[in-house]
Amino acid sequence: MTRIPLLLLAVLAAVAAPGAAASDTVTVYRCTDERGRVALRDRPCRNGETQEVRTMVRPRDPPRRSVAAPRATPATPAPAPREVVIYRTPPRPLYECVTPDGERYTAEHDTGNPRWVPLWTLGYPVYRSRSVLGDRIGAPTAQRYTPAEPARGRDRVYVYPAGTWVRDECHPLPQQEVCARLRDERFALDRRYHSALQSEREEITRRQRGIDARLANDCGES
């Protein structure tokens, strides 16, 4: 019984093979031997076998189905690179100021270190505020008062109470010089740190952070 399927496969293979007859039917021979075993062949049975001829419709391949090509999935566009914008503040100027005594120092502003001084220190005239006869009676004309002159007693010359702000002359430094002075100040703070008290170290550390941030922004130093 196992030979029947094999024969059917052989028949189908012969039908589908190139050069086979292009008819609509195929002849199959059913052969039964003396032991009752049945075999299907594509040729007449052997001597001594009972033969049955059967005509079958030649199998045909089904018509090919046109399969639509799968739609191409549009590629997901790659995300645009994220633009990172870093804002840097313009370099801050540093000024060199000179006191009337010739002492030089650096300042953050062009006003330097303004000082409030009485007018008499600048040579402005001062007057007696009151005499024994009353206000301004018998007072001399304008006098100049120097720090070495005493100012005691009712009949002495008193300093006029008004004053003014004194500002030193300041000039901006080139940026290269600004960076050099910032580095010098940073180095001086490092030397002070080791001998400073704990309370002073906190202030030194705070100033160092400010100088480091300014060196990074204004001078491009990491």
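Remember, it's a predicted structure, so these values are computed and weren't measured experimentally. Residues: numbered from 1 along the sequence shown.
Residues passing the salt bridge (charged side-chain N to carboxylate O under 4.0 Å, His left out) test with R201: none are found, sequence neighbours excluded. Here D184 pairs with nothing under the side-chain hydrogen bond (donor to acceptor under 3.5 Å, both in side chains) rule; sequence neighbours left out. For the side-chain hydrogen bond (donor to acceptor under 3.5 Å, both in side chains) test, no residue two or more places apart in sequence or in another chain qualifies with R30. Looking at residues two or more places apart in sequence or on another chain, you find a salt bridge (charged side-chain N to carboxylate O under 4.0 Å, His left out) between R206 and E203. Not counting sequence neighbours, the partners of E169 by the side-chain hydrogen bond (donor to acceptor under 3.5 Å, both in side chains) test are H171.
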Tell me, with the steps shown, if T27 and D42 meet side chain to side chain donor-acceptor pair (under 3.5 Å).
CA-CA 7 Å; T27 301; D42 58 348; over 6 Å; no
Under the salt bridge (Lys or Arg N to Asp or Glu O under 4.0 Å) criterion, do E221 and R186 qualify, and how do the steps go?
CA-CA 13 Å; E221 300 182 8; R186 182 69 165 79; over 6 Å; no
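The side-chain heavy atoms of T99 and Y105, taken from C-beta on, include a pair separated by under 4.5 Å. E49 is not listed as a side-chain neighbour of E34, based on a closest heavy-atom distance of 4.5 Å or more. Using a 4.5 Å heavy-atom threshold, the side chains of D190 and Q208 count as touching. Annotation: side chain of P44 is in contact with side chain of Q51 (closest heavy-atom distance under 4.5 Å). Looking only at side-chain heavy atoms (C-beta outward), R192 and R207 come within less than 4.5 Å of each other. V26 places none of its side-chain heavy atoms less than 4.5 Å from the side chain of T55. Contact of the W116 side chain with the V166 side chain is not registered, since no non-hydrogen atoms from C-beta on lie closer than 4.5 Å.
Closest approach of G112 and C97 over heavy atoms only: CA-SG, 3.6 Å. Closest approach of D218 and P91 over heavy atoms only: OD1-CA, 3.4 Å. Between V38 and T32 the shortest heavy-atom distance is CG2-OG1, 3.7 Å.
A donor-acceptor pair under 3.5 Å is absent between the side-chain atoms of D101 and the main chain of E103, judged by distance alone.
Taking OH of Y95 as the start and NE2 of H109 as the end, the distance is 9.0 Å to the nearest 0.5 Å. Rounding to the nearest 0.5 Å places SG of C219 at 10.0 Å from CD of Q176. The distance from the OG1 atom of T106 to the CG atom of N113 is 9.0 Å, given to the nearest 0.5 Å. From R104, atom CZ reaches atom SG of C170 across 11.0 Å, with rounding to the nearest 0.5 Å. Atom CZ of R92 sits about 10.5 Å away from atom CD of Q175, to the nearest 0.5 Å.
Its side chain within the 4.5 Å cluster rule, I204 clusters with L94, L173, V178, L182, L189, Y193, I211, L215 among the Ile, Leu, Val, Met, Phe, Trp and Tyr residues.
Under 4.0 Å is where a charged nitrogen must lie from a carboxylate oxygen, and between D168 and R115 at least one such pair does. Here R183 does not pair with E185 in a salt bridge; the nearest charged N to carboxylate O distance is not below 4.0 Å.
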